[in-house]
Every structure is written in C-alpha cells, then in structure tokens.
Amino acid sequence: MRLRNRRSALTAAAALAAAVGGLLALGPDLAPGPGPVAAPRAEGGALAAAGAPAPAGELAATVETRRGWLREHPDDAASWAVLGSARIEQARRSMDPAYYPKAEAALRRSLAVAPANPDALTGMGALADARHDFGAAKAWGERVRAAAPDRWSVYPVLVDAYTQLGDYPAASRAVQRLLDLRPGLPAFTRAAYELEIHGRTEESALALREALDAANSPAERAFCLQRLGELAWQRGDVRGALRLDDDALRTDPEHHAALVGRARALAALGRTGAALRDYRTAVDRVPLPEYVLELGELYESLGRAHEARTQYAVLRAEVKLFAANGARDDLTLGLYEADHGSAAAAVRDLEREWGRRRSVLVADGLGWALHRAGRDAEALEYARAAGAIGTRSALFAYHRGEIERSLGMRAAARTHLGEALRLNPHFSPLFAPRARKALAS
C-alpha cells in the first residue's frame, strides 16, 4: 500500500441517481410528520454511505428533509438511498441497533424503485458491515464494483468487509484503490487501520494525521484524534492517549469512544474514581457490549464483584438486543464467556464467529476460549494465526504467552508475556497484573 501525500477535503457526494421501477408499501420512515418540502440535496446520507462521521445536526436535518420529501415523492430512489445511509450513520453515532431495520427498509424501498441503483446497493453493503454480516457486505460491494469499478464510495464497504473476513491482501488492494480514487478522510482512516493491523503503527499514525488534515467537521476531527489516542494507548503511552482523548472530547463532547479511551487511561494512572465516572457516562449513553465488558472488568479488578456482575448482565442483554436487530457480536460475547462465564459457551460462540469471518481478532479470541476450555494444543494454532500478519497487541501477546505457559513452553511464554508488558504495561486492569505475576514465576 502506498500512502500518497495528497490533501483532499472530504466533500459530500453528488446527488444520488434516481430511476423507475416497482413500489413497496410505505415504510416506518413515512409516518405522519411535517408537510412537503423543497427537493433536497445529498449531504449527510452520502457521508454516511462513504463511512465518514457525519455531523449530528446535519445528519438529523438529512433524515427529516428526506422523510418530508418522500411523503410527496415516494418513487424517488435516490432519496430512499440517502435516508437509508443516514439511518446507518445514526446507528453508528448512537449505537442504537433499532436504526438498522429502518435503514434496511429505506434501502430496500430504493432497490424496489430502481433495482440496480448503486447507491442503495452500496448502502446495503454498509448496513451489512454495521451488522457484522461481512460476507453479505462483500457480496453487495463486489456487485457494485463489477458494474462501476471507479465508484469510490463502494471501496470503504469492501475494505471493511475484507478486513473483517481476514482477506488482508484484498483489503490492502481496496484501500490503495480508494486512495487513488479519493484521497480523503475515509481513505486515510482505512489506510491507517490496515497499517495498524499489520503492525506498522508509526505509518498508521501518519495516515491518521493525513485524515485529520482532511477532516471538515468536529465529528471527523474527533474521530481522528480518538484513533490517534488508541494508537498511543497500544504502545503504552498512557499520558499521550489521555491528552488525545481529551482533545477529541473538546472537539466533540459526544464522542463516546474517546470517553472510553479517557476512562481507560485514567484507570491506568490510578485515577479510578474519574475513570469509573467516564465509563459509566459512556455506558449510559452508548451501552456497547465491549464498553460494558471493560467497565465490568475494572470493577472486578477493584474487588467490586457485585457491580461487575451487574455490568456482565447488561452485556448479555445488549448482545441479545443487537442480535434481535440483525447484528451479532459473538466475539465480545465469547471473550466475556471465556473469562467470566462458561469456557464451553465461549468456544461455541467463537467457533461460530470463526465460521463467519477469519480475522486475527477472531483467531485470538478462539485461541483464548480453547485455552480456557483446556484445549491448549488447538489454542496455540489460533494464537499463532492471530500473530501471522504482524499485529502488535498486548492482549494477543498475553493470550499466547499464557497458552504457551500451560503447554510447558517456558521460553516462548516468557517471550510473549514480556512482549505484552513491553507493548503496554497497562493493557488490562485484570490481566496485566496476571501477566506480571506469570512472568515473575
């Protein structure tokens, strides 16, 4: 991948193409509301389809404008596609899975009106990515690319799908094509993740700086700052991570990932009261299963078992809520089960996830679940697969070291446990102390 040194402001995509076709019954987004409005422009929805953070005010305006327009013009395939993409972005910002069925209804209505329209097809791919149905996302994206290989907005969908499916060569090619076609924020942020997951973290930070230069809104700038904070955290720079997350929250106070990042850093610095406040605020706003799991583990590390169990119950409820709206998260559920529930259930969850996508994240999780179930020889194969492309992760290294320790591979265990603590001595309030104890033994 060649990260080009070009600056390009992220602009709204051109108006989506309309076409003729069949009709569906009016969906939930055509409930009674304000009267007809003037023909709208494509703005927040186009940003959402491209995978860039859209400003909240612009996003809400997009939804209301399109809904008003569609009450009077129900055959406008382009506006249905924009509305569907805007609903996906609303789900991303709020992490409320109830937006997914609304997004799907709008996008399918667009396809009913114009079956081949690429905007709705791309939106369906973005929705599948959001729901963690990466195989479907790949299929939708490749359908668009086959018809229009120079259509830049399909490549974010393909990059995300290929990455999560574990097809890293295809992901890198798609990132490069996106950089060639449209070197803006969606391209730079995806290039950054591709570089990061291959262990090229310094280059990843450079790509995020390019993205920050290309950002046009507080939401976009906060996203880039938070990702830079995540890179700082991964290399053990706790104060640097805290500073970047603070910057992100000053830029966009609603940025929940930066709030969790700040909580993580505060806990590492021993400021547990402030960390718990930030975690609780983030979970109250956006109860993502991975956020809830982090909060529960912080409580557990502090000896507050009852509060930890409360969070774990919330996690289970949230996973069920996401699944009811078409979004499965067996990876987070499996990691929870491996460490706090049933090892057998963890193996079932993560084998199911491995059947859907073979990313290094799932390889690490399945290896850990097998270890917790006492199947260490099998576990080691997955732990090795998790490190196959060079990902630098303290958690991956810790998991592999513990598996090797169980197998009596003392030298290898010492290497990987030491690596975990060198990468980030604060990588987990529960497991970093265990890594230190295991290494000392």
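S342 places no side-chain N or O within 3.5 Å of a backbone atom of A338 that could act as its donor or acceptor partner. Distance alone, capped at 3.5 Å, is enough to place a donor-acceptor pair between the N325 side chain and the L321 backbone. A distance-only check finds no donor-acceptor pair linking the side chain of R405 to the backbone of R414 [under 3.5 Å]. With hydrogens and angles disregarded, a donor-acceptor distance shorter than 3.5 Å links the side chain of T415 to the backbone of A411. In this structure, the side chain of E220 engages the main chain of N216 through a donor-acceptor pair within 3.5 Å. Under a 3.5 Å cut-off, the side chain of T332 and the backbone N or O of D329 do not form any donor-acceptor pair.
Note: L439 CG to R434 CZ = 16.0 Å, rounded to the nearest 0.5 Å. Atoms CG and CZ, from L127 and R87 in turn, are 13.0 Å apart once rounded to the nearest 0.5 Å. Atom CG in L423 sits 10.5 Å away from atom NE2 in H416 (nearest 0.5 Å). Rounding to the nearest 0.5 Å places CD of E210 at 11.0 Å from SG of C224. Note that the CG atom of L165 and the CZ atom of R357 stand 8.5 Å from one another [nearest 0.5 Å]. Between E353 atom CD and L333 atom CG the span is 10.0 Å, to the nearest 0.5 Å.
Using a 4.5 Å cut-off on side-chain heavy atoms (C-beta onward), L276 and L295 make contact. A 4.5 Å side-chain heavy-atom check between Q176 and Y155 finds every atom pair outside the cut-off. No side-chain heavy atom of M124 sits under 4.5 Å from any side-chain heavy atom of V157. Proximity of Q226 to L244: side-chain heavy atoms (C-beta onward) are nowhere separated by under 4.5 Å. Two residues are said to be in side-chain contact when any heavy atoms from C-beta on lie closer than 4.5 Å; L107 and I88 meet this criterion. Side-chain contact between L370 and D376 is absent, with no heavy atoms from C-beta onward closer than 4.5 Å. Contact check for E318 versus L288: no side-chain heavy atoms found under the 4.5 Å cut-off. Y162 places a side-chain heavy atom less than 4.5 Å from the side chain of E142.
For the side-chain contact (heavy atoms from CB on, under 4.5 Å) test with L259, the passing option among D278, D245, V286 is D278; the others fail.
At most 12 non-hydrogen atoms from other residues, nucleotides or ligands lie less than 6.0 angstrom from CZ of R239. The environment of CZ in R356 is crowded: more than 12 heavy-atom neighbours from other residues, nucleotides or ligands sit within 6.0 Å. Within a 6.0 Å radius of CZ in R410, no more than 12 heavy atoms belonging to other residues, nucleotides or ligands are found.
Under the salt bridge (charged side-chain N to carboxylate O under 4.0 Å, His left out) criterion, R277 pairs with no residue, sequence neighbours left out. Residues that satisfy the side chain to side chain contact (heavy atoms under 4.5 Å, CB included) test with V360, not counting sequence neighbours, are Y168, I197, I389, T391, F396. Under the salt bridge (charged side-chain N to carboxylate O under 4.0 Å, His left out) criterion, E307 pairs with R304, sequence neighbours left out. For Y193, there are no ring-ring contact (aromatic ring centres under 6.0 Å, His included) partners, not counting sequence neighbours.
No salt bridge links D246 with R243; every basic N to acidic carboxylate O contact stays at or beyond 4.0 Å. For the pair D330 and R328, the salt-bridge criterion is met [side-chain N within less than 4.0 Å of a carboxylate O]. Taking the charged nitrogens against the carboxylate oxygens, D129 and K138 have no contact shorter than 4.0 Å, which rules out a salt bridge. Checked for salt-bridge contact, E419 and R422 miss the test: no charged N lies under 4.0 Å from a carboxylate O.
Donor-acceptor pairing under 3.5 Å is recorded for the side chains of E300 and Y312. A donor atom on one side chain and an acceptor atom on the other are not found under 3.5 Å apart for Y99 and E104. Under 3.5 Å, the side chains of Q164 and H132 contain no donor-acceptor pair of N or O atoms. Between the side chains of S110 and N117, at least one donor N or O sits under 3.5 Å from an acceptor N or O. T281 and D284 share no donor-acceptor pair across their side chains, judged by distance under 3.5 Å alone.
Counting only residues at least two apart or on different chains, the salt bridge (Lys or Arg N to Asp or Glu O under 4.0 Å) pairs with a member in residues 159-173 are D160-R190.
Of all heavy-atom pairs between T163 and A171, the closest is OG1-CB, 3.4 Å. Contact record, L430 with P433: O-CD, 3.5 Å, taken as the closest heavy-atom pair. Across every non-hydrogen atom of P289 and L315, the tightest pair is O-CD1, 3.5 Å. When all heavy atoms of A191 and L179 are compared, the pair lying nearest together is CB-CD1, 4.2 Å.
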Passes side chain to side chain donor-acceptor pair (under 3.5 Å), T201 versus R235? Steps please.
CA-CA 9 Å; T201 53; R235 65 175 182 268; over 6 Å; no
Worked check of side chain to side chain donor-acceptor pair (under 3.5 Å) between S428 and E297
CA-CA 8 Å; S428 162; E297 289 184 342; 4.6 Å; no
Between R177 and D150, is a salt bridge (charged side-chain N to carboxylate O under 4.0 Å, His left out) present by the stated rule, with each step listed?
CA-CA 9 Å; R177 185 63 175 150; D150 293 336; 2.3 Å; yes
Show your working on side chain to side chain contact (heavy atoms under 4.5 Å, CB included) between F188 and L212 and close with a plain yes or no.
CA-CA 9 Å; F188 292 137; L212 189 59; over 6 Å; no
Assess the residue pair R316 and E337 against the criterion (side chain to side chain contact (heavy atoms under 4.5 Å, CB included)); give the C-alpha distance rounded to whole Å, side-chain angles, the decisive distance to 0.1 Å, and a yes or no.
CA-CA 10 Å; R316 287 179 168 278; E337 291 286 2; 2.4 Å; yes
May I have the step-by-step check of side chain to side chain contact (heavy atoms under 4.5 Å, CB included) for S359 and V362, ending in yes or no?
CA-CA 5 Å; S359 75; V362 182; 3.5 Å; yes
Side chain to side chain contact (heavy atoms under 4.5 Å, CB included) assessment of T189 paired with L185:
CA-CA 6 Å; T189 54; L185 187 139; 4.2 Å; yes
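Aromatic rings of Y291 and Y279 (six-membered ring for Trp) have centroids beyond the 6.0 Å cut-off, not under it. With ring centers used as reference points, Y382 lies 6.0 Å or more from W368.
Ring geometry, F431 versus H340: the interplanar angle falls from 30° to 60°, so the pair is classed tilted.
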Side-chain donor-acceptor pairs of residues 227-234 under 3.5 Å, sequence neighbours excluded:
unit_1	atom_1	unit_2	atom_2	d
R227	NH2	E196	OE1	2.3
E230	OE1	R264	NH1	3.1
E230	OE2	Q234	NE2	3.3
Q234	NE2	E196	OE2	2.9

